[in-house]
Protein chains: 2
Amino acid sequence: MQPGVQVMKPTSAEPYLKIGDVAKKVGVSPSVIRSWESLGLARPRRTESKYRLYTADDVKLLKRARFLRKVRGLNAAAIVQLLKREGKVHPAGDGNAGAIGAHLRQLRARRRLSLAQVAQAVGISVGFLSALERSQMSGSVGTLRKLARFYKKNILDFFNASGASGRQVRPAERKVLEAGAGVRMELLAWGNTVMEPHLFRIAPEAGSGDPYAHEGEEFIYILRGDLEITLDGEEYRLKSGDSFYFESATPHRWKNPGRRETWVLWVNTPPTF
Amino acid sequence: MQPGVQVMKPTSAEPYLKIGDVAKKVGVSPSVIRSWESLGLARPRRTESKYRLYTADDVKLLKRARFLRKVRGLNAAAIVQLLKREGKVHPAGDGNAGAIGAHLRQLRARRRLSLAQVAQAVGISVGFLSALERSQMSGSVGTLRKLARFYKKNILDFFNASGASGRQVRPAERKVLEAGAGVRMELLAWGNTVMEPHLFRIAPEAGSGDPYAHEGEEFIYILRGDLEITLDGEEYRLKSGDSFYFESATPHRWKNPGRRETWVLWVNTPPTF
DNA sequence: ACAACCTTGCTATAATCCCGCAAGGTTAGA
DNA sequence: TCTAACCTTGCGGGATTATAGCAAGGTTGT
């Protein structure tokens with residue numbers, strides 16, 4: 001059951017509608033109403049057997065959403081954001097479901113695979129995988145297991161480490177994402193965040209290896225030691241106290257040219273790992 | 001040349017960028033920047049040979065658009081509407097190009113054809129036809145000719161009657177869209193409008209024929225005579241002065257049951273003809 | 001008892017979005 | 001003057017998203 005969903009019997013003083021009725025009134029299919037719900041648009045109460053119960057206000061909101069969709073051409077994410085700005089919807093935090101989707105997309109993006117490639121390998125449809133990654137549909141345990149196996153992860157990875165960090169993260173609480181050869185990354189905030197801050201600890205001579213590029217922007221601050229970073233063939237030597245801002249689309253590579261460990265505060269948006 | 005586009009030489013006091021530079025800074029391809037431009041997002045000046053000239057403000061706006069697209073997941077139509085609300089962009093009226101697209105989509109929708117069906121019949125790609133209908137790409141004369149032929153229209157229909165009406169439309173200025181057996185429809189406003197108001201003149205015993213349904217909502221006001229309208233098997237007899245509001249998704253049919261001509265003011269949204 | 005609805009998980013298809021290319025023209029530097 | 005690297009418009013191919021329906025099983029209301 002989704003977090004925040006309330007199970008209760010409606011009182012006869014409060015007329016309600018079932019999803020089929022609402023679909024007819026609004027002019028979209030029940031499937032669409034359910035998918036909009038998962039984005040935070042209209043969160044109806046439920047009976048004990050989990051039937052959705054909509055109010056007249058819900059119908060009104062959904063009609064507005066339909067207008068924005070069909071007449072104005074806004075997609076669902078935009079509709080939710082607009083109605084959120086107007087205080088008309090209050091989408092719950094993503095919780096686990098949202099984090100799973102983002103995690104799946106990161107895993108796929110990192111391997112530079114298309115939706116079609118992963119979907120075919122795992123035995124699900126492209127549309128379904130897209131919806132999973134965008135947290136618009138939920139997968140069964142069987143499906144998540146297949147995906148975990150494909151990415152060589154443990155299915156528990158999807159449930160455990162997926163939570164969001166609190167605002168404050170003490171050193172012992174940091175999540176270590178990956179420890180490559182001589183490179184240790186400690187995540188300083190995670191969950192549904194737009195920025196992804198890390199603390200990098202880089203041993204002497206260790207680095208990123210070959211140049212790479214991806215989308216986004218990156219901010220670096222040298223806490224201690226030196227960092228050599230090369231963008232588009234141009235080399236920079238950064239020292240303690242230096243900062244550096246660049247676009248991830250520019251091919252770049254970096255390494256620690258010094259004799260002691262370098263510590264770098266590194267923030268990128270959007271999250272790429 | 002698009003209405004409102006200004007040809008002028010930039011002064012050396014005002015630094016400008018070409019589209020390739022902008023694409024690199026923003027992090028999308030030149031094609032995407034061009035397609036966003038056609039939606040009203042960033043309208044750069046041009047050199048005499050039509051090269052686009054972007055300012056630093058344009059770049060800033062496009063970066064914001066990219067963020068909204070890639071991080072927030074808003075589609076281009078939503079981004080334009082949001083930035084319009086903030087007074088950051090001022091999309092020009094659609095003019096001819098916009099009207100052609102809307103006209104094409106109406107022609108296709110009316111025949112209940114898919115993009116794929118029309119595209120294949122005409123010999124263009126689905127994506128291109130979609131973009132044409134959404135006024136995001138322009139077609140050559142050859143392409144428009146093929147489409148006109150497919151729909152059994154004159155290519156001039158795309159250029160002439162596509163303009164928008166003025167606010168005021170006198171009786172003699174009304175556009176007669178269709179005159180079926182005993183049914184005359186006079187359009188009272190046209191162009192890029194969300195509502196489509198008509199005056200229907202319906203001879204005795206004439207009507208819509210078989211029940212039909214489509215998307216949208218409809219408002220009717222009986223100016224004179226009677227109208228019999230049936231929704232979902234339920235019959236209504238409307239007289240002069242009566243009004244009627246219903247959802248187009250409900251299967252409906254109507255006819256004039258009286259002995260003299262019925263005049264009905266009929267408004268529907270979105271436009272369906 | 002049963003028709004008509006609901007649930008979740010998922011598919012197939014329709015539509016949109018993105019980026020690259022062809023053909024031809026322009027720019028800016030060697 | 002030449003030429004590489006860019007631009008233009010028109011369009012295609014492929015990736016992604018949006019929509020509506022279905023299977024299997026459960027619920028509701030007459």
Side-chain angles (χ1 to χ4, degrees), chain A residues 1-2 17-24 27-36 38-39 46-53 66 69-70 73-77 79 105 108 113-119 123-134 136-144 215, chain B residues 1-2 17-24 27-36 38-39 46-53 66 69-70 73-77 105 108-109 113-119 123-134 136-144 215:
Chain A
M1 185 180 300
Q2 282 173 309
L17 295 152
K18 289 188 293 188
I19 198 168
D21 301 319
V22 174
K24 284 197 177 87
V28 292
S29 73
S31 305
V32 165
I33 293 179
R34 280 176 43 220
S35 82
W36 285 354
S38 66
L39 291 180
R46 302 243 197 165
T47 68
E48 278 186 28
S49 40
K50 299 178 78 175
Y51 276 38
R52 289 170 175 84
L53 301 173
R66 184 187 182 281
R69 178 75 205 111
K70 305 255 187 194
L74 274 62
N75 64 347
I79 294 168
R105 179 147 289 192
R108 181 172 65 82
L113 297 169
S114 64
L115 281 165
Q117 286 171 305
V118 176
I124 58 178
S125 70
V126 171
F128 184 38
L129 179 58
S130 172
L132 283 180
E133 291 185 355
R134 286 177 296 111
Q136 208 162 337
M137 284 181 190
S138 341
S140 62
V141 170
T143 294
L144 293 181
E215 72 178 33
Chain B
M1 184 181 302
Q2 283 174 311
L17 295 153
K18 290 188 293 188
I19 198 169
D21 301 319
V22 174
K24 283 196 177 88
V28 292
S29 73
S31 304
V32 166
I33 293 179
R34 279 177 41 221
S35 81
W36 285 356
S38 65
L39 291 179
R46 302 242 198 168
T47 69
E48 278 186 27
S49 39
K50 299 177 79 176
Y51 277 37
R52 290 171 175 83
L53 302 173
R66 184 186 183 282
R69 178 80 205 106
K70 305 252 186 199
L74 274 62
N75 63 347
R105 179 147 290 192
R108 180 172 65 82
L113 297 169
S114 65
L115 282 166
Q117 286 171 305
V118 176
I124 59 179
S125 72
V126 171
F128 183 40
L129 180 58
S130 172
L132 283 179
E133 291 185 355
R134 287 178 294 112
Q136 207 164 337
M137 284 182 189
S138 343
S140 62
V141 170
T143 295
L144 293 181
E215 72 178 36

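Numbers restart at 1 for each chain; the letters A, B, ... are given by sequence-line order, proteins then strands. Below, each value reflects all heavy atoms present in this structure, side chains not excepted, and no hydrogens, waters or symmetry copies.
Closest approach to the B:Ser114 side chain among C:dT7, D:dT16, C:dA15 is made by C:dA15 (side chain taken as heavy atoms from C-beta onward).
Atom C1' of nucleotide C:dA14 and atom CZ of B:Phe128 are separated by 19 Å, given to the nearest angstrom. To the nearest angstrom, P of C:dT16 lies 11 Å from NZ of A:Lys70. Counting to the nearest Å, the C1' atom of C:dA15 and the CG atom of B:Asn75 are 12 Å from each other. The CG atom of A:Leu17 sits 17 Å away from the P atom of D:dT28 (whole-angstrom rounding). One atom, CG of B:Leu129, and another, P of D:dG12, lie 10 Å apart when rounded to the nearest Å. Taking atom CG of residue A:Asp21 and atom C1' of nucleotide D:dT28, one finds them 13 Å apart after rounding to whole Å. One atom, CZ of B:Arg69, and another, C1' of D:dT17, lie 9 Å apart when rounded to the nearest Å. One atom, CG of B:Leu115, and another, P of C:dT16, lie 6 Å apart when rounded to the nearest Å.
Side-chain contact check for B:Ser140 and B:Thr143: at least one donor-acceptor pair (N or O, by modelled atom type) lies under 3.5 Å.
Residue B:Arg52 has no polar side-chain atom (N or O) positioned under 4.0 Å from OP1 or OP2 of D:dC7.
Counting non-hydrogen atoms under 4.0 angstrom, B:Gly123 reaches the backbone sugars and phosphates but no base. Within 4.0 Å of A:Gly139, counting heavy atoms only, lie sugar-phosphate atoms of the nucleic acid but no base atom. A:Ser140 comes within 4.0 angstrom of the backbone, heavy atoms only, and of no base.
Each of B:Leu113 and B:Ser35 lies near DNA chain C, and the nucleotide nearest B:Leu113 is the one positioned closer to the 5' end.
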Protein heavy-atom contacts under 4.0 Å, written 5' to 3' over nucleotides 20-30 of chain C as B (base), S (sugar-phosphate only) or - (none), form the string B----BBS---

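Evaluation of the side-chain hydrogen bond (donor to acceptor under 3.5 Å, both in side chains) rule for A:Arg134 yields A:Ser130, A:Gln136 as partners, not counting sequence neighbours.
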